[in-house]
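Below is one structure, written out as structure tokens, with a few remarks after it.
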Amino acid sequence: QICCLVKNNLQKGCYTTVLQIQEALKQLNEEFRTESKPVVETRVGINTGEVVVGNVGSDERLNYTSLGDPVNLASRLEGLSKVYGTWTIVSEFTYNKVKDNFKFRLLDKVAVKGKQQSVYIYEFLGDVAATPDLKLQQYNQDFFDAFSHYESGDWQMAINIFNDLDKKYPEDTLIKIFIERCLAFSANPPVNWDGVWVMTEK
């Protein structure tokens, strides 16, 4: 499990490191499968913000670490990867700074455990290719359309679009998560819905 906090001048290196980790684990797991060994999985949470970094503690015991709300959010995002079946989740604060340099897809709008403030979260998908990824662009447009209806509480329209997406991408766990939510909300509409999914676990 990895928690990554990035500042402006380190963002490219952080994402490059994530890609290298994913590629190394892919190769390692291929070897493990041939040897009938259990595969290794890792998750990454990335956030951007002002934090305190340095040696913390006493003369007897010092620990070089980082402290602050942005660190806590990065840690929470790392944990959310298991909910959405993803490798790497970034906050909107990081996404807005690097969205033109890397590929992403919208995942959700959440309030992580212990926090009331909501945040849009995105899955990191890799470097921007030399040529546009038209399939990803179309997916993002369709998903955002469905998510907008979900966010505004138009459950039936959201269900219709998510169902169409599910036919195109039957292996996409995220779409199934939203179909299940919309069906539940349609049957029992939440009070004062604001589009935020409140997390009860870390």
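Values in this document were obtained by computation on a predicted structure and should not be read as measured data.
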**Request:** Examine distances only and state if a side-chain atom of S152 and a backbone atom of S148 form a donor-acceptor pair shorter than 3.5 Å.
**Result:** yes
**Request:** For the pair T94 (side chain) and S91 (backbone), establish whether a donor and an acceptor sit closer than 3.5 Å, ignoring hydrogens and angles.
**Result:** no
**Request:** Return yes when atom CD of Q138 has more than 12 non-hydrogen atoms of other residues, nucleotides or ligands closer than 6.0 Å, and no otherwise.
**Result:** yes
**Request:** Determine, step by step, whether R105 and Y122 satisfy the side-chain hydrogen bond (donor to acceptor under 3.5 Å, both in side chains) criterion, reporting the C-alpha distance in whole Å, the side-chain angles of both residues, the deciding distance to 0.1 Å, and the verdict.
**Result:** CA-CA 5 Å; R105 69 165 177 166; Y122 299 81; over 6 Å; no
**Request:** For N160 and Q156, test the side chains for any donor-to-acceptor distance below 3.5 angstrom and give the result as yes or no.
**Result:** yes
**Heavy-atom neighbours of F144 CZ exceed 12 at 6.0 Å** = no
**Message:** Name the residue from W197, F185, F147, Y84 that meets the ring pair (Phe, Tyr, Trp, His ring centres under 6.0 Å) definition with F178.
**Reply:** F147
**Request:** Could you tell me whether the side chain of N29 and the main chain of V39 form a donor-acceptor pair under 3.5 Å?
**Result:** no
**Request:** Verify, without hydrogens or angle tests, whether N140 (side chain) and F104 (backbone) share a donor-acceptor contact under 3.5 angstrom.
**Result:** yes
**Asked** Any donor and acceptor pair, going by atom type alone, linking the side chain of K82 with main-chain N or O of R43 inside 3.5 Å?
**Response** no
**Message:** Under 6.0 Å between ring centres: does that hold for Y95 and Y120?
**Reply:** no
**Request:** Evaluate the side-chain proximity of Y150 to C182: yes if any heavy-atom separation is below 4.5 Å, no if none is.
**Result:** yes
**Request:** Check whether the ring centres of W155 and F162 lie less than 6.0 Å apart, and answer yes or no.
**Result:** no
**Prompt:** Could you give the distance from CG (L107) to OG1 (T86), rounded to the nearest 0.5 Å?
**Reply:** 6.0 Å
**Message:** Just by distance, no angles: are the side chains of D172 and Y139 close enough, under 3.5 Å, to form a donor-acceptor pair?
**Reply:** yes
**Asked** Heavy atoms, side chains only, cut-off 4.5 Å: are N163 and I179 in contact?
**Response** yes
**Prompt:** Is the shortest side-chain N to carboxylate O distance from D69 to R76 below 4.0 Å?
**Reply:** no
**Item:** Q117, CD: over 12 other non-hydrogen atoms inside 6.0 angstrom
**Value:** no
**Asked** Is there side-chain contact between V110 and V119, with at least one heavy-atom pair below 4.5 Å?
**Response** yes
**Request:** Run the ring-centre check on W87 versus F124 and record whether the distance is less than 6.0 Å.
**Result:** no
